[in-house]
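A short worksheet on the structure shown next.
Counting starts at 1 for both ligands and their atoms, following the listed order.
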Amino acid sequence: MDRFVTKTRKKTLESPDEEKKKIVEVACQSGQVKRRRLESNFKDEASLSATEEEDKDFAHALTWKKIEAEGLDCDYTLLFQRSEADIVLKELEKEVEYFSGDLAKVHVFGKLHNIPRRQATYGDQGLKYTFSGLQLSARPWTPTLVMIRDRVTEATGHSFNFVLINRYQDGNDHIGEHRDDERELDSASPIASVSFGASREFVFRHCSSRGKKASRKIEPVCIELQHGSLLLMNWPTNVYWYHSLPVRKKVLLPRVNLTFRKIVGLNKTQKTS
Ligand SMILES: O=C(O)CCC(=O)C(=O)O
Ligand SMILES: [Fe+2]
């Protein structure tokens with residue numbers, strides 16, 4: 001993985017959306033140079049130019065934890081400091097429009113059920129997402145989503161054209177075991193999972209050790225996904241390992257998770273409950 005992105009980012013203030021993105025971005029920067037930018041007024045374009053050195057500093061400043069098991073390869077880091085993550089979460093809560101009505105329901109054995117969380121999809125123009133028989137278009141990127149996506153790219157060297165957002169109101173909301181292994185996803189590209197809000201346990205289970213017919217006994221891998229964290233799921237993790245976010249009754253606060261993906265076909269199908 002190329003974590004040291006050397007391209008220069010040129011910042012210009014073009015539209016109100018662009019301006020908002022810059023404000024969120026600047027407010028979220030950490031470190032000395034970034035503090036200087038915070039102190040400047042946002043209209044000074046020169047002060048918003050990030051240099052190669054700053055990009056390298058940012059990538060170097062991250063501490064990564066490697067998580068490995070048979071066929072599982074993940075990288076974990078805190079991408080946002082707590083204060084930054086607080087700001088980002090607030091912006092996401094204002095900006096993200098979640099599906100409602102029938103778009104927020106799933107077919108299970110011929111019956112419609114409410115999805116035990118809220119979902120939204122954003123991405124490049126023309127990208128479609130097929131969920132439980134419904135084809136949904138990705139909404140256009142919002143300023144905050146662009147800022148998070150770019151931060152993930154700076155940190156990892158990977159680009160993404162789509163994000164699925166899951167909002168868990170509290171520990172009752174969850175996502176069932178599944179793999180993000182759809183044909184439409186570029187399998188060489190990792191899936192980048194960024195979390196804000198309540199810390200929740202994320203559980204990986206190997207495909208041959210699931211259920212009553214398990215052929216092997218492989219220990220699950222559990223990761224606590226913290227406020228502001230990034231979990232990079234690299235190939236071949238999604239070939240062999242299912243993952244879930246189980247119910248945790250003691251969790252009382254909301255959590256917003258964003259999984260950045262690279263879609264190569266036009267559609268994406270995901271089967272989760
Ligand atoms: O909320 C999470 O951490 C996981 C979400 C997830 O697995 C998915 O969006 O496919
Ligand atoms: Fe997933």
### Query
Of the options Asp186, Asp180, Asp181, which is the one that meets Arg261 in a salt bridge (charged side-chain N to carboxylate O under 4.0 Å, His left out)?
Asp180

If the cut-off is 4.0 Å to any non-hydrogen atom of [X], which atoms of ligand 1 fall inside it?
X	result
Asn166	5 (C), 8 (C), 9 (O)
Leu164	9 (O)
Phe202	3 (O), 4 (C)
Tyr168	1 (O), 2 (C), 4 (C), 5 (C)
Asp180	10 (O)
His243	7 (O)

### Query
Looking at side-chain heavy atoms only, is the closest gap between Phe260 and Thr153 below 4.5 Å?
no

### Residue part near ligand 1, for Arg261, under 4.0 Å between non-hydrogen atoms
side chain

### Task
Would you give the angle at the Fe ion (ligand 2) between Asp180 atom OD2 and His178 atom NE2, to the nearest 10°?
130°

### Task
Before signing off on this row, confirm whether Arg255 and ligand 1 have an N or O atom pair separated by under 3.5 Å.
yes

### Message
For ligand 1, which is the ligand I care about here, please tell me if His178 has any N or O atom under 3.5 Å from one of the ligand's N or O atoms.
### Response
yes

### Message
As a quick check of understanding, evaluate side-chain hydrogen bond (donor to acceptor under 3.5 Å, both in side chains) for Asn234 and Asp73, giving each step before the final call.
### Response
CA-CA 5 Å; Asn234 304 305; Asp73 179 346; 3.1 Å; yes

#### Entry: Residues Lys94 and Glu91 bridged, charged N to O under 4.0 Å
yes

### Query
Between Lys65 and Asp75, does at least one N-O distance fall below 4.0 Å, as a salt bridge requires?
no

### Message
Show the nearest heavy-atom pair for residues Ala85 and Gly228, with the distance to one decimal.
### Response
CB-CA, 3.9 Å

### Query
Within a reach of under 6.0 Å around OH of Tyr240, are more than 12 heavy atoms found that belong to other residues, nucleotides or ligands?
no

